[in-house]
Each structure stands twice: as C-alpha cells, then as structure tokens.
Amino acid sequence: MSPRQYGSIAFVSTLAMLTLVAAVPAAAQTDEDAQLWTAVTVTGKLSDTLVYSADGQFRLLDGLSRYGHTVLRGSIGVKVRPDLTVSLGYAHSTANRTGKVWVSEERVFEQFTWKIIARPGFNLT
C-alpha cells in the first residue's frame, strides 16, 4: 500500500470512530416507554359495488399501565374498479396523552383503498 492509501484508511477510520463516540451520548438520553397498540377491523359487501368497514383502535401507554387512546370508525364505500374502493365515513377519537385530560375528536373521513395483490390467503392493500 502507498502512503496515500494508508492516509485515506486512517482518515475514514478516525471519522467512523468520531461518529460512534458522538452517537453514544444521544443513545444514552433516550426514554423507553412500552406501548401496546391494537386494532380490530370488520369489512363486508352490501352489494356488488357497495362495501362497509368498521374498525376500532385501542392503545395502552406508559409501560402498558395507562389506557390512553381510542379510535372508532365506520364507513361506506363504492368499488370504482375491482381493485379500487372510495369510502366516506365517520370517526370518533379520544386521547389522553398526559394522564390528566381526555381530548375528543369527531370528524368525517375519506379513504381510498387499492388492492395491489389479491391472492387466495394473501392480500396486499
């Protein structure tokens, strides 16, 4: 190896070590908070072109010690194509991020669903 190649290797090695050393304090400052997010979804057909969907999402926060979030949604959709559905629905959401005050949200939502892969036993949407 030439002196120039040794210099390049030394420079890259030094840069890599400085990056690792600089990252260690950042990693030591992270907070850990175990959370559990669950969801239940029900879908079905009302006709060849009309479909329905309902879902609920529930979240435990602060190391799984506190119930902190709920989302309940329902919608009706129209199949524009066999692989594309456009839906309109209503959502109710409650959140308690701080453990003190619950915040509620009521809103209308829209959703576009595209089936990318549809095979027996496997769907990618």
Quick check: do [X] and [Y] have side-chain heavy atoms less than 4.5 Å from each other?
{"X": "Gln111", "Y": "Val86", "value": "no"}
{"X": "Leu72", "Y": "Phe58", "value": "yes"}
{"X": "Tyr52", "Y": "Val42", "value": "yes"}
{"X": "Leu60", "Y": "Tyr67", "value": "yes"}

Report the residue from Arg73, Gln57, Glu105 that forms a side chain to side chain contact (heavy atoms under 4.5 Å, CB included) with Ser93. Glu105
As a test of understanding, state which of Leu88, Leu50, Thr85 forms a side chain to side chain contact (heavy atoms under 4.5 Å, CB included) with Val78. Leu50
Specify the closest pair of heavy atoms between [X] and [Y], including all atoms of both residues, with the distance to one decimal.
{"X": "Leu61", "Y": "Gly68", "value": "CD1-CA, 3.7 Å"}
{"X": "Gly74", "Y": "Phe109", "value": "O-CE2, 3.8 Å"}
{"X": "Ala118", "Y": "Asn123", "value": "CA-OD1, 3.2 Å"}
{"X": "Ser87", "Y": "Gly77", "value": "OG-CA, 3.4 Å"}

Point-to-point distance, once rounded to the nearest 0.5 Å, from CG of Leu36 to CG of Leu64: 6.0 Å
Following the transitive rule for hydrophobic clusters with a side-chain heavy-atom cut-off under 4.5 Å over Ile, Leu, Val, Met, Phe, Trp and Tyr, establish whether [X] and [Y] coincide in one cluster.
{"X": "Trp114", "Y": "Phe122", "answer": "yes"}
{"X": "Trp37", "Y": "Val71", "answer": "no"}
{"X": "Phe112", "Y": "Leu124", "answer": "yes"}

Can any side-chain N or O of Arg66 pair as donor or acceptor with the backbone N or O of Asn96 at less than 3.5 Å? yes
Check the surroundings of atom CH2 in Trp102: do more than 12 heavy atoms from other residues, nucleotides or ligands lie under 6.0 Å from it? yes
